[in-house]
Novice: 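Sharing a structure with you now.
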Amino acid sequence: MTTTHEHTPHHLGERSAMLKVTGLQKIYNGGATAVEAVRDLTFELAEGELVCLVGPSGCGKTTLLKCIAGLMAPTDGTVELAGQPVLSPPPGMAVVFQEYGRSLFAWMSVSDNVELPLKEKKLPKARRAELVAESLAAVGLTEFADAYPWQLSGGMQQRVAIARAVAYEPQVLLMDEPFAAVDAQTRADLEDLVRELWKRLGVTVLFVTHDIDEAVYLGERVLVLSNSPTVVQDDITVDLPAERDQLTTRQDERFTQLRAHVYAQIQQAKKGTTAPAA
Amino acid sequence: MSRTTLGQAQPTPENTHTPSPKADPTEQESPVARTRRRRPGNRGPAGAALRTAHVLLLPAVLIGVYWAFTAQPGAGFYTPTPAAIGTAFVELWFSDRFFVDVLPSLGRLAVGFALAALIGVGLGVLLGLDARVRATIEPVLEFLRAIPPPVLVPLMIMLAGIDDTMKITVIVFGCVWPILLNTVEGVRAVDPVLSDTARCYGITGTTRLRVLILRSASPQIMAGLRLALALAIILMVISEMFASSSGLGFAIVQFQRTFAIPEMWAGMVLLGIIGFVLSSLFELVEGRVLGWYRGLRAAHRGE
């Protein structure tokens with residue numbers, strides 16, 4: 001299952017580690033019972049890589065993501081972003097949450113939502129306007145710049161969240177099941193949007209999902225997590241061409257093989273791991 | 001997807017605390033003022049004339065009925081005709097008394113309400129953000145809140161004299177509670193996902209307070225302010241009824257004691273008008289501050 005990244009646009013010799021998770025463990029202490037959500041996670045994302053993280057439901061994906069984002073302190077282990085340890089939300093990281101309706105500021109227009117983090121970054125006004133316009137154009141929402149988020153459909157709201165993340169110019173983009181709450185057609189469009197933005201911007205993306213098809217379709221690599229307490233069960237390189245298409249890629253024989261492989265791994269993950277937590 | 005949905009929803013946030021004033025001074029309002037409070041909610045651009053008719057129709061009918069009642073031969077000395085009240089109203093309030101009684105009352109009301117808003121929102125944010133502070137202070141607050149504010153008047157007369165300080169203190173003490181408690185609820189209800197989002201994008205400190213917490217809690221805060229405004233008017237009148245030498249409350253009691261009945265009625269009518277105008281102004285401000293919230297609610301219901 002090894003492959004050369006012949007089509008990936010950011011393949012410039014050896015890629016350095018952008019995001020590094022080492023021995024991550026998270027135990028929730030609740031009085032007498034301690035629940036070990038994440039046991040021992042170690043993986044790396046090279047600069048410019050798009051990696052999908054799948055696992056059985058309840059395997060601690062959200063916990064992991066919060067630890068990586070610096071929103072939650074791990075019990076043990078470290079997270080490093082470009083060589084710097086992550087102890088609080090780092091400036092080089094943007095997050096797109098699943099709950100688009102709850103992650104946008106309802107009292108601000110679409111463009112204000114995108115601009116707010118840039119203001120906090122103390123970017124000059126002209127640069128901010130430029131970034132807002134660019135990112136809204138990239139997600140196809142230029143004409144909705146002055147609308148409120150709640151005036152838009154779910155898929156469009158998630159586009160706003162993506163535009164905000166993109167405008168922030170992060171080194172690493174974390175996406176926490178971003179399309180779990182949108183309909184199938186919108187979802188396909190948004191998947192292609194993520195691929196397109198990733199290729200254009202060269203950002204490192206960690207995409208958490210519970211959808212196996214989505215993981216294989218989007219990723220250069222798929223990390224399969226085990227059941228809770230979580231470890232990395234498998235690390236699969238997706239050797240599909242870089243130019244992906246909802247129709248042809250999904251019909252590709254290799255796609256089917258990879259999907260079957262990931263599926264089998266997840267089934268194994270569900271059964272295989274002992275020591276159920278809570 | 002249009003903005004025509006704006007303004008249809010009435011902001012009725014959950015957890016709205018209604019303090020229970022033990023005395024019910026609303027009895028002092030005129031029937032005119034009361035009926036005018038119940039306005040129909042249609043705000044379409046075409047319905048302006050209809051709206052005006054809606055607003056004026058019932059008051060006109062009620063005044064008419066009252067007039068018919070007072071025009072009867074046996075009608076009492078204590079219920080003067082609307083014409084007599086109107087004459088007294090013009091004579092009284094379009095004179096020096098406006099500066100002697102009305103303006104000082106409004107000034108105390110404004111200062112008291114503003115102070116209550118400042119204390120209520122400030123302390124409310126503090127309590128809402130910090131569970132430990134909340135646990136420490138809340139029992140005391142619950143006790144203080146249970147004290148009917150008018151009973152402070154005798155105490156404040158001794159402590160602060162009979163000047164403005166006493167009256168403003170009574171207003172603040174009475175109307176700070178709905179603001180405080182609503183602010184606490186609003187701040188506590190800030191969405192955790194939104195809060196995480198703000199943290200991820202480096203929105204911290206005062207920006208976080210201004211952009212996230214206060215805005216997110218604004219529907220509850222505004223609901224608290226609305227309740228507080230009504231209370232402030234009531235307490236303004238009550239505080240002036242004891243040991244006072246000026247103000248609307250003082251004037252009304254004075255008229256009653258000197259059997260200047262039409263003048264007493266004119267005072268009540270003026271209070272009603274003040275209440276009506278203030279609540280209209282408040283609604284205007286609320287519409288601006290909470291436009292997004294009304295639209296959001298309408299969108300949630302409609303789609």
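Here is the naming used below: chain letters follow the sequence lines, and residue numbers restart at 1 for every chain. Since the model is a prediction, treat every value here as computed from it, not as a measurement.
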Novice: Between atom NZ of A:Lys121 and atom CD1 of B:Ile203, what is the distance when rounded to the nearest 0.5 Å?
Specialist: 12.0 Å
Novice: With sequence neighbours excluded, what pairs up with B:Val277 under the side-chain contact (heavy atoms from CB on, under 4.5 Å) test?
Specialist: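 Partners of B:Val277 by the side-chain contact (heavy atoms from CB on, under 4.5 Å) criterion, ordered by chain and then number, come out as B:Ile273, B:Leu281.
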Novice: I need the contact set between residues 92-115 of chain A and chain B: heavy-atom distance under 4.5 Å, sorted by residue number.
Specialist: A:Met93, A:Ala94, A:Val95, A:Phe97, A:Glu99, A:Arg102, A:Ser103, A:Leu104, A:Phe105, A:Ala106, A:Trp107, A:Met108
Novice: Could you pull out all donor-acceptor pairs under 3.5 Å where a side-chain atom in residues 112-132 of chain B meets a protein atom, sequence neighbours excluded?
Specialist:
from, atom 1, to, atom 2, distance (Å)
B:Asp130, OD1, B:Arg132, N, 2.9
B:Asp130, OD1, B:Val133, N, 3.3

Novice: Closest approach of B:Cys200 and A:Ala69, non-hydrogen atoms and distance?
Specialist: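 So the two residues come closest at SG-CB, 4.4 Å.
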Novice: For residues 62-80 of chain A, which residue pairs qualify under salt bridge (Lys or Arg N to Asp or Glu O under 4.0 Å), counting only residues two or more places apart or in two chains?
Specialist: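 Those involving residues 62-80 of chain A are A:Lys66-B:Asp196.
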Novice: Given side chains that start at C-beta, do those of B:Thr197 and A:Arg164 come closer than 4.5 Å, heavy atoms only?
Specialist: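 They are in side-chain contact.
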Novice: Among B:Gly202, B:Ser216, B:Pro192, which residue forms the greatest number of heavy-atom pairs with chain A at distances under 4.5 Å?
Specialist: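 Highest number of heavy-atom pairs under 4.5 Å: B:Ser216.
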Novice: Checking heavy atoms, do the side chain of B:Ser218, its backbone, both or neither come under 4.5 Å from chain A?
Specialist: neither
